[in-house]
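For reference, the structure discussed in these notes is given below.
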Amino acid sequence: MKVLIATDKPFAKVAVDGIRKEVEAAGYELALLEKYTEKAQLLDAVKDANAIIIRSDIIDAEVLDAAKELKIVVRAGAGYDNVDLDAATAHNVCVMNTPGQNSNAVAELALGMMVYAVRNFYNGTSGTELMGKKLGIHAYGNVGRNVARVAKGFGMEVYAYDAFCPKEVIEKDGVTALDSAEELYKACQFISLHIPATAETKNSINYALLKNMPKGALLVNTARKEVIDEAGLALLMEERADFKYVTDIMPAAHAEFAEKFAGRYFSTPKKMGAQTAEANINAGIAAAKQIVGFLKDGCEKYKVNK
Ligand code: NAD
């Protein structure tokens, strides 16, 4: 069996070493395609792979067509919108993610960005504190839960809304569960976004939702850029000088935001929520373990193309 690591943005060496250990202990071979610049290189590398570990790499129908021996793709990370799930199912390929492995890293970044924003991006002027402020967590999954834990350490009042997570699960963490996104945005001056990018959530963070946020509003996005209606957000920020937006996923309209909303807007230069040594290692090794579990024992835990 051949396991391919196909990463445009490579794992840290220590993560690759950990993956190799898992793969070789199972009696499989490890192949590496890193920093590829052309899709043709990926198409060539996948030809004889039985399993592929990816990060943000695109696995579409063309790649799946080329991967004749492929049984499983594991996205080392949480979001798997870079994999064409329908095409994978049609090719009888199992797709998994590695939930929870980078959640603390993303949560720490979200809180770090909150501090950065309320301290006026460290521009030398007096800012505000997080303690006592209302934080709304939009989606109480792996990252959302970690954000709640850290935010409580800051002394924030924590609220959450999740379309699928039962309210009891949220409330047992000492977090107030609300019934809708509308309620959450009305109640909280700070919102931290943790919804996945799905057909339902794309462009759903729009003018109508955001306009109800209290004065001094701060929206923190470590989820996906696609969930934001950028035109609606820009319109609102033009109308409301008190509104700040900080994001780990650079908007398509970054240049416009940076120019128009200087002092109220910040984007990381590239997505870096999961860019920690710990998350890198955890997600890579979890991916390797899941592949071994699937190929040896047929374990389909974490399969996302059900
Ligand atoms: P998760 O799957 O553990 O949690 C997602 C939560 O969203 C679930 O609880 C689900 O019930 C909820 N949800 C789904 N649709 C919803 C809707 N329409 N309204 C409200 N809630 C909804 O995922 P996670 O690990 O917490 O990650 C969340 C997202 O963050 C990922 O999908 C990914 O896009 C993004 N992410 C970004 C980075 C980064 O580097 N910035 C890293 C990891 C994850």
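In this text, all values refer to a predicted model and were calculated from it rather than measured experimentally.
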Any non-hydrogen side-chain atom of [X] less than 4.5 Å from a side-chain atom of [Y]?
X    : Y    : answer
D162 : K167 : no
C188 : P214 : no
K21  : I285 : no
N50  : V3   : no
V63  : L42  : yes
Y185 : I191 : yes
I137 : V175 : no
S192 : M113 : no

With distance as the sole criterion, is a donor-acceptor pair present between the side chains of [X] and [Y] under 3.5 Å?
X    : Y    : answer
N221 : Y245 : yes
T201 : T198 : yes
D65  : H91  : yes
Y140 : D173 : yes
S204 : E200 : no
N104 : E108 : yes
E38  : Y36  : no
N120 : T125 : yes

Please round to the nearest 0.5 Å and tell me the distance separating atom [atom1] of [X] and atom [atom2] of [Y].
X    : Y    : atom1 : atom2 : answer
F266 : D248 : CZ    : CG    : 8.5 Å
K68  : D48  : NZ    : CG    : 13.0 Å
L70  : I52  : CG    : CD1   : 4.5 Å
D57  : I5   : CG    : CD1   : 11.0 Å
E238 : F243 : CD    : CZ    : 13.0 Å

Atom [atom1] of [X]: over 12 foreign heavy atoms under 6.0 Å:
X    : atom1 : value
K301 : NZ    : no
Y80  : OH    : no
K9   : NZ    : no
K289 : NZ    : no
N123 : CG    : yes

Can you check whether [Y]'s main-chain N or O pairs, donor with acceptor, with [X]'s side chain at less than 3.5 Å?
X    : Y    : answer
K133 : E129 : yes
R119 : V115 : no
K186 : M213 : no
Q41  : T37  : yes

Check your understanding: Parallel, tilted or perpendicular: which fits the ring planes of Y265 and H254, with parallel below 30° and perpendicular above 60°?
Key ->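 Because their plane-to-plane angle lies in the 30° to 60° range, the rings of Y265 and H254 count as tilted.
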Point to revise | Sequence-distant partners of F261, ring-ring contact (aromatic ring centres under 6.0 Å, His included), two or more places apart | key: F257
Check your understanding: Passes side-chain contact (heavy atoms from CB on, under 4.5 Å), V95 versus R75? Steps please.
Key -> CA-CA 8 Å; V95 182; R75 155 50 163 142; 5.7 Å; no
Review point. What do the steps show when you test F190 against V118 for side-chain contact (heavy atoms from CB on, under 4.5 Å), and what is the final call?
Key: CA-CA 10 Å; F190 294 70; V118 298; 3.4 Å; yes
Review point. Would R55 count as a cation-pi partner of F11, with NZ or CZ less than 6.0 Å from the six-membered ring centre and within 45° of the ring normal?
Key: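 Positive - R55 is close enough to the ring of F11 and near enough to its axis.
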Practice item. Mind listing the closest non-hydrogen atom pair of D179 and Y161 along with its distance? Key: O-CE1, 3.4 Å
**Study point:** Presence of salt bridge, K39 and E62, under 4.0 angstrom
**Key:** yes
Check your understanding: Does the distance from a Lys or Arg side-chain N to an Asp or Glu carboxylate O, for K260 and E256, drop under 4.0 Å?
Key ->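 Between E256 and K260 there is a salt bridge, with a charged N closer than 4.0 Å to a carboxylate O.
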Review point. Does anything in residues 208-227 pair up under salt bridge (Lys or Arg N to Asp or Glu O under 4.0 Å), and if so which pairs, sequence neighbours excluded?
Key: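 Every pair satisfying salt bridge (Lys or Arg N to Asp or Glu O under 4.0 Å) with a residue in residues 208-227: D81-R224.
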Practice item. Please lay out, stage by stage, how L233 and L235 fare under the test side-chain contact (heavy atoms from CB on, under 4.5 Å). Key: CA-CA 5 Å; L233 173 61; L235 179 61; over 6 Å; no
